[in-house]
Amino acid sequence: MLKDNHFVNGRTLRVLLDRTLLAMSVTTTAILFVWLLYYSSFGLNPSAEGYWLNSMANPFAYSIIIPPNFFGFFYHWPYQWSGGDIAVLRMANVTLTIGLGWILSFLTVRRLWMVGWPHAAALSAGIASLALVAFYWRALTPNYYTLNIQSALMVMIGLLLVDRPGRSCLILGWILVAVGGWCSFIARPATAAAIAVVVVLYVIALRRKSLLPMLGAALLALALLIATAYSIGGGITGLVTHIVKGTEGIALLGGGHELSYILRIDRLETNRSQLAIAVLMATALLLSIFMGAKHKLLTSLVLAAVLIVTIAIALLGTDVISIKLSTLFLVPAFTCLGAMFYCEGMVLRTQAPTSIALALMFLVLPHLLALSSRVNYWTIGSDACLFWMLAAVAFLSPLAQQERSVAALLPVTVLAQLLAASVVNGYMLKPWRQVNDLRAYSAVTSLPGGGRLVLSQPFHDYLVTARAQARAAGLEGGTPVVDLSDAPTLLYVLETRALGLPWLFGGYPGSNAVAVKALGLENCADLAKAWVLIAPQGPRHLDQAGVMASFGARQADYVAAATFVAPVIDGYYPNAHSQFLLKPVRTAALAEQSCREARQ
């Protein structure tokens, strides 16, 4: 009787501790989500975000798209529906990303682990917090990077739904696969092709009877693609032309985007300290999984302490531990490696075909999302580090056979939350191409569309002064501008139309050649009345004389109407420098004639 009472009491204690930790984990996830939503109205970088916003605001204005993608068309209508409110767009982007991550994590846990749906929902919510790492470099504004991740999430959700019983799940699953594949093509065509190959291999390996539904999904994706081609204009021929021109343009840029450079193996950039951190985290995770049953109280106290630290990181901005991007891969990798030695390789020997296939797909997906990027594939892949953690979840699934699902997944969930909070907080303290410490921003800035963002005081003063001076000089909204200063965000704030490209990239070997090529596709009538923005001392300015000569213009044909001083921005503007807004003084007829003669 005493033994029975002891057993019951021990079991009751374990259940109570698990429920307490689950409640704390759910609270932590909610705090992380609200944390990022709150700071969605903070910050704006002077380069990439201007490119994304210009692309969304007027995607039909350009004859060439560099890099070759169509995200501007995809987001054009959401941009209009939101009234151009950047904060609203960012919140929607964050919510969609973590929502899809939560659904995928939930389906993965339910598919491979013996967990009731309430526990699965709580555990998967914590794991899905890693989806927030997609915004670690403050890329909250909708863009082709996050659209690509959302596409892959939809494809994987679809494949897991297909595995569930019921005709409705089968139909919905393949629809999601089709829509996800289509969205991936919109974001990054190279990734869409790679994902299509992986899906086919997955189906052939595990579900040979699904070939016909897979064909239906392919036809649906094709139909969506055709509809996109005609909505953009020019039909299939126009779509292909866009891709060809964009591919030629990105190769001309000379920044490492060439087709021959797509399939490559990059080096994982790490150091000894990050290796040590990853080994310690993986070891602690494995100990809490395999020894937690014997030391339940101690393990629970440690996990509770980690959750408290995670909340402190989010609320206080405490940089407790410096987690680099390489660690996001190393921790799940070392965890899987260490699990192979548990109970004479039990985890490896008892793997089911489905868990192996899913683990492999989750493992390679981040690299597929990086295809055609010039940046290190491990760095870009880190945006989608949720897939690496889900690979570990799939690989560890044989532990579910021992009826320890909740106890085994809790440490994984808690670790995922700590990693997400640490990485996002680190880049909030040092945001990409912005003044350090986002939390210190206090200058509320009105932007086009009636939205407002909280910016650093120097950047706020720069934008407000530039807008006031430009308006005083006679620059009206919608005026075409040739930007030779590498300042697409400024053009967006001035509500002008950037000619050639939404962002005439500076700083690359072929930047001037790309600018000449893109502007050569513009109408001479628009170039004749266009203003010009230059920054002779700017770090990424274009060749003023050479580019202007391509459309028959010289500096003597303009007068300096306004001067702005761009502030110092770590990693982008090393020094404050002047930008000059040039107003055309020639008659439009003479300027148009010179443009035609230059092109001849």
Side-chain angles (χ1 to χ4, degrees), residues 21-22 24-40 90 93-106 108-109 122-140 145-146 149-150 153 274 277-278 281-282 284-285 303 305-333 335 362 366 379 381-393 409-432 438-439:
L21 285 172
L22 282 172
M24 290 184 64
S25 176
V26 170
T27 302
T28 303
T29 301
I31 290 173
L32 294 177
F33 175 55
V34 173
W35 172 46
L36 205 55
L37 282 186
Y38 175 76
Y39 282 103
S40 292
R90 289 175 174 179
N93 199 28
V94 170
T95 302
L96 177 61
T97 302
I98 195 170
L100 290 172
W102 189 356
I103 294 171
L104 177 59
S105 301
F106 176 81
T108 302
V109 170
L123 292 165
S124 57
I127 296 171
S129 62
L130 273 175
L132 299 177
V133 173
F135 308 105
Y136 73 88
W137 51 297
R138 301 304 300 166
L140 279 76
Y145 292 105
T146 53
I149 294 171
Q150 291 159 2
L153 290 169
Q274 291 303 306
I277 290 172
M281 284 188 164
L285 176 62
L303 293 178
V306 172
L307 288 173
I308 292 171
V309 169
T310 302
I311 294 173
I313 290 173
L315 297 182
L316 305 178
T318 307
D319 195 11
V320 178
I321 181 170
S322 180
I323 300 294
K324 304 302 181 184
L325 298 179
S326 60
T327 310
L328 299 174
F329 169 77
L330 291 173
V331 170
T335 299
F362 287 139
T379 300
S382 299
D383 290 9
C385 63
L386 172 61
F387 291 116
W388 287 331
M389 189 59 75
L390 288 177
V393 170
L409 283 176
L410 258 174
V412 177
T413 297
V414 172
L415 180 60
Q417 292 170 309
L418 176 63
L419 290 173
S422 299
V423 172
V424 175
N425 178 66
Y427 282 86
M428 196 171 286
L429 295 173
K430 294 182 179 180
W432 184 63
L438 210 72
R439 291 178 174 85

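A quick note: this is a predicted structure, and the numbers were derived from the prediction, not measured.
- For Leu303 against Pro411, the heavy-atom pair with the smallest separation is CD2-CA, 4.0 Å.
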Give every donor-acceptor pair under 3.5 Å between a side-chain atom in residues 122-136 and any protein atom, sequence neighbours left out.
from   : atom 1 : to     : atom 2 : distance (Å)
Ser124 : OG     : Trp102 : NE1    : 3.2
Ser124 : OG     : Ala120 : O      : 2.6
Ser124 : OG     : Ala121 : O      : 3.2
Ser129 : OG     : Gly126 : O      : 2.5
Tyr136 : OH     : Asp383 : OD1    : 3.4

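- At a threshold of 4.5 Å between non-hydrogen side-chain atoms, the residues Leu153 and Phe387 count as touching.
- Inter-residue side-chain proximity for Phe362 and Thr108 is flagged as met; some heavy-atom pair is nearer than 4.5 Å.
- By the side chain to side chain donor-acceptor pair (under 3.5 Å) test, Thr28 pairs with no residue at all, sequence neighbours left out.
- Taking the side chain to side chain contact (heavy atoms under 4.5 Å, CB included) definition, one finds that Ala333 meets it with Phe329, sequence neighbours left out.
- Applying the side chain to side chain contact (heavy atoms under 4.5 Å, CB included) rule to Ile103 yields the partners Leu107, Ile157; only residues at least two apart in sequence or on another chain are considered.
- You'll find the side chain of Phe33 reaches within 4.5 Å of the side chain of Val94, heavy atoms only.
- Contact of the Leu140 side chain with the Asn93 side chain is not registered, since no non-hydrogen atoms from C-beta on lie closer than 4.5 Å.
- Summarising the geometry, atom CG belonging to Leu285 is positioned 11.0 Å from atom CG belonging to Leu410; distances are rounded to the nearest 0.5 Å.
- When all heavy atoms are compared, the tightest approach of Ala139 to Thr146 is O-CG2, 3.9 Å.
- Taking CD1 from Ile31 and CG from Leu36, the interatomic distance works out to 14.0 Å, rounded to the nearest 0.5 Å.
- Applying the side chain to side chain donor-acceptor pair (under 3.5 Å) test to Thr335 and every residue at least two apart in sequence or in another chain returns nothing.
- Within the 3.5 Å criterion, the main-chain N or O of Leu21 finds no donor-acceptor partner in the side chain of Ser25.
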Would you please test Val331 and Trp388 for side chain to side chain contact (heavy atoms under 4.5 Å, CB included) and show each step? CA-CA 9 Å; Val331 170; Trp388 287 331; over 6 Å; no
Quick one: side chains of residues 310-322, donor-acceptor pairs under 3.5 Å with protein atoms, not counting sequence neighbours, listed by atom name and distance.
from   : atom 1 : to     : atom 2 : distance (Å)
Thr310 : OG1    : Val306 : O      : 2.8
Ser322 : OG     : Lys324 : NZ     : 3.4

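- Side-chain atoms of Gln274 never come within 3.5 Å of backbone atoms of Ile323 as a donor-acceptor pair (strictly under, hydrogens ignored).
- Here the side chains of Leu104 and Leu100 are not in contact, with every heavy-atom distance at 4.5 Å or above.
- Scored by the side chain to side chain donor-acceptor pair (under 3.5 Å) test, Thr97 finds Gln150 as partners (sequence neighbours excluded).
- Residues Arg90 and Leu37 form no side-chain contact, since every pair of their non-hydrogen atoms from C-beta on lies 4.5 Å or further apart.
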Apply side chain to side chain contact (heavy atoms under 4.5 Å, CB included) to residues Val414 and Met24 and explain how you reach the verdict. CA-CA 10 Å; Val414 172; Met24 290 184 64; over 6 Å; no
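- Among residue pairs with one or both ends in residues 419-430, those qualifying as side-chain hydrogen bond (donor to acceptor under 3.5 Å, both in side chains) are Asn425-Arg439; sequence neighbours excluded.
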